[in-house]
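A quick write-up on the structure given underneath.
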Protein chains: 2
Amino acid sequence: MTTMAMVASLAGVSISTVSHVLNGTRHVEPETREKVLKAIEATSYRQDAVARAMRRSQTDSVGLIVSDAGEPAFAEMVHGVEHAVARLGLTLLLANSAEDPDREAQAVEALLERRVDGLILARAAGSRQDVVDGIQGEGTPLVLMDRLCGMRVDQVGVENRLPTIELVKHLVDQGHQRFVFVAGDCRVPTLRERRDAFVEAMAQLNLDASAQTIIADVPAFDVIDGQLEQALDAGPRPTALIACSTVLAARALKIVQNRNLQLPTDIAFATFDGFAYSDLFTPQLTTVRQPAFEVGVAAAELLAHRLADKARGSSPVRLAPTTTRLSPTIEYRSSSGTTVRMTPSNF
Amino acid sequence: MTTMAMVASLAGVSISTVSHVLNGTRHVEPETREKVLKAIEATSYRQDAVARAMRRSQTDSVGLIVSDAGEPAFAEMVHGVEHAVARLGLTLLLANSAEDPDREAQAVEALLERRVDGLILARAAGSRQDVVDGIQGEGTPLVLMDRLCGMRVDQVGVENRLPTIELVKHLVDQGHQRFVFVAGDCRVPTLRERRDAFVEAMAQLNLDASAQTIIADVPAFDVIDGQLEQALDAGPRPTALIACSTVLAARALKIVQNRNLQLPTDIAFATFDGFAYSDLFTPQLTTVRQPAFEVGVAAAELLAHRLADKARGSSPVRLAPTTTRLSPTIEYRSSSGTTVRMTPSNF
DNA sequence: CTGAAAGCGCTTACAG
DNA sequence: CTGAAAGCGCTTACAG
């Protein structure tokens, strides 16, 4: 491996000069710069970003920890972060906590050891409060992604309250009064927000709360399945089902299929997040579509913004943390009623 | 930020000793190690991986460049690589070439500057030959993933020939003689291999090659669409359609739908790679399912193996490059005929 | 059993 | 306009 010293000696200049032509950081006579460039070419020199990072105490890299790399929505967010980060000339270090707080803590630790300039974090379901404090205490800029919280942190996610209420109204307009609302693990903020919005919608619309089945705060999928099956089999059957994530929708659809219930005649159906290429398949599912790629892009850009502020070091006052929520689009399709309309709403 | 020097002075020992207790690299008296540990705790010291990497000329990181982060199959592979790499105690640097050879070259350059210990590369469609040579010339261990080639390199991908032939036989068994085979951009090795296998199958089965429509070597999706529409509308219509990737399948299905053709009665349908949660939807699609996650895991493990060999530095002879092909599973479903069977085959 | 010191490959004041 | 030198935070022979 060739070093700057080798380039310098070949070009007959000092290593300061080589460094300066490489980084364009001070004027160098065209003639000498030419010699340096030639020497770089001849030795096929490549700058050592590790040594550079060490000297500058800046790695030009950001860490991203997602809670569930298997979920298509998170894959899209990773894609968005990668896209934005590359455009900004930064490198992305990727880790996956697999919804495990311990692995999350380890990943944070590993990335901080690697001295990433900043961190984007989609927190695991049982994520410990103190990981956020720890990162901030370190002075490393942090952006929370998708899994938001009430703390004073920069965060980027989606709007959940308004779309949920709109979705419920849509179903009530179709005459539905009895819902099963499958929220799953409400330690996940996104799911909790959707559940809360559902409860709020019930109140707003003067619907009988006791007639609703809300499956929430349940950790294991098979328990959720059981509760859903029971809700569908017992008493007066609910006429509308809302699933709060892609996985939940998939499991719910399977259960519905097993019972030979037709959508939307036997039961109306809507889901959050939804499936890829969903317009190709029957039944067409009404979906609250999350702009996942854009969430990733926005998270990366917000982080980059903080990094720039920090590097400039101008403002003595800490900037106030920002919470950004992007708006989902509700794709109305046949699974939630006979009227098929398709209006992106603005929240 | 606290450094080893600060820990050392607080503990009243040398920095060598601190380093050695941290890395367990030589015996330290229990009593002194206790003091060191206490000092580390008190200062909440965190090792600086950048400085460590620089000194050791080893970063304990690997770079991954995928050609199309939007494709679900690649998202799965990324997931697999991340999983394996984390288990091995390495960090993953992720980049996306977006099927653009220039961006691919830039990404390689950026990762080599960062001194990754090794590189996993799913090459872009028009990938230049010399990127592989360049990396190998550098002495950086390299594993090609999914997009394989004929060079002497370590590579991990999927078996394409045998499954393709088996799929075609299955369709011929159902009585099909006229195919449209949508291969797309055959600069992509995976697609080219599937196309070649189709041609081979035609010969093996003594089918009239001139009765087949092969859409291949076409760069733009709209041109592919046009050729497919023409094939479906003109002359005696093909009775079976095979799409070589998820995107191609999605576009083909749309065209089929637009013409109100029913699967499998009007035309039989099968696809490679396929859709997530595909068992939930009608029509159920016969799919040659790629073990994408496992491909990622295998690529990472092969790379780790090479890194270990290199670190040991034992063998004076270079180990011969390995090509691993994992076997897809063919999911036979109703879209390719009335007989629904579901047999994972072994190739 | 432990410490002093060289050195990894850069950047960046400091001099001239 | 350019160079000599300090130093970023570690690891690792080398001594004792």
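Everything numeric in this text was worked out from a predicted model, so none of it was measured. Numbered from 1 within each chain, the chains take letters A, B, ... in sequence-line order.
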B:Val116 and side chain to side chain contact (heavy atoms under 4.5 Å, CB included): which partner among B:Leu90, B:Val108, B:Leu111? B:Leu111
Do A:Val132 and A:Arg123 make a side-chain contact, defined as non-hydrogen atoms from C-beta onward lying under 4.5 Å apart? yes
B:His83 meets the ring-ring contact (aromatic ring centres under 6.0 Å, His included) criterion, sequence neighbours left out, with B:Phe293
Using a strict cut-off of less than 4.0 Å between a Lys/Arg side-chain nitrogen and an Asp/Glu carboxylate oxygen, indicate whether A:Glu138 and B:Arg46 qualify as a salt bridge. yes
Check whether A:Asp68 reaches the backbone of A:Ala98 with its side chain - one donor and one acceptor, N or O, closer than 3.5 Å. no
If only atom types and distance count, is the side chain of B:Thr25 paired as donor or acceptor with the main-chain N or O of B:His20 below 3.5 Å? no
B:Pro101: which residues meet the side-chain contact (heavy atoms from CB on, under 4.5 Å) condition with it, sequence neighbours left out? B:Arg128
Specify the residues of residues 25-44 of chain B, ordered by number, for which at least one heavy atom lies under 4.0 angstrom from an atom of DNA chain C. B:Arg26, B:His27, B:Val28, B:Glu29, B:Thr32
What parts of residues 6-21 of chain B reach DNA chain C, counting only heavy atoms under 4.0 Å away? B:Val13, B:Ser14, B:Ser16, B:Thr17
Quick one: does B:Arg114's side chain have a donor or acceptor within less than 3.5 Å of a partner on A:Thr59's backbone? yes
Any donor-acceptor N/O pair, A:Gln155 side chain to A:Cys149 backbone, under 3.5 Å: yes
Mark yes when over 12 heavy atoms from residues, nucleotides or ligands other than B:Arg152 sit less than 6.0 Å from its CZ; otherwise mark no. no
Can you list the stems that include DNA chain C, where a stem is three or more consecutive Watson-Crick or G-U pairs with distances under 3.5 Å? C:1-3 with D:14-16, C:5-12 with D:5-12, C:14-16 with D:1-3
Under a criterion of less than 4.0 angstrom to any heavy atom of chain A, what are the 5'-terminal and 3'-terminal contacting nucleotides of DNA chain D? D:dC1 to D:dG9
Spell out, as yes or no, whether a donor-acceptor pair under 3.5 Å connects the side chain of A:Thr43 to the backbone of A:Ala39. yes
Does B:Arg87 pair with B:Glu301 as a salt bridge, N-O distance under 4.0 Å? yes
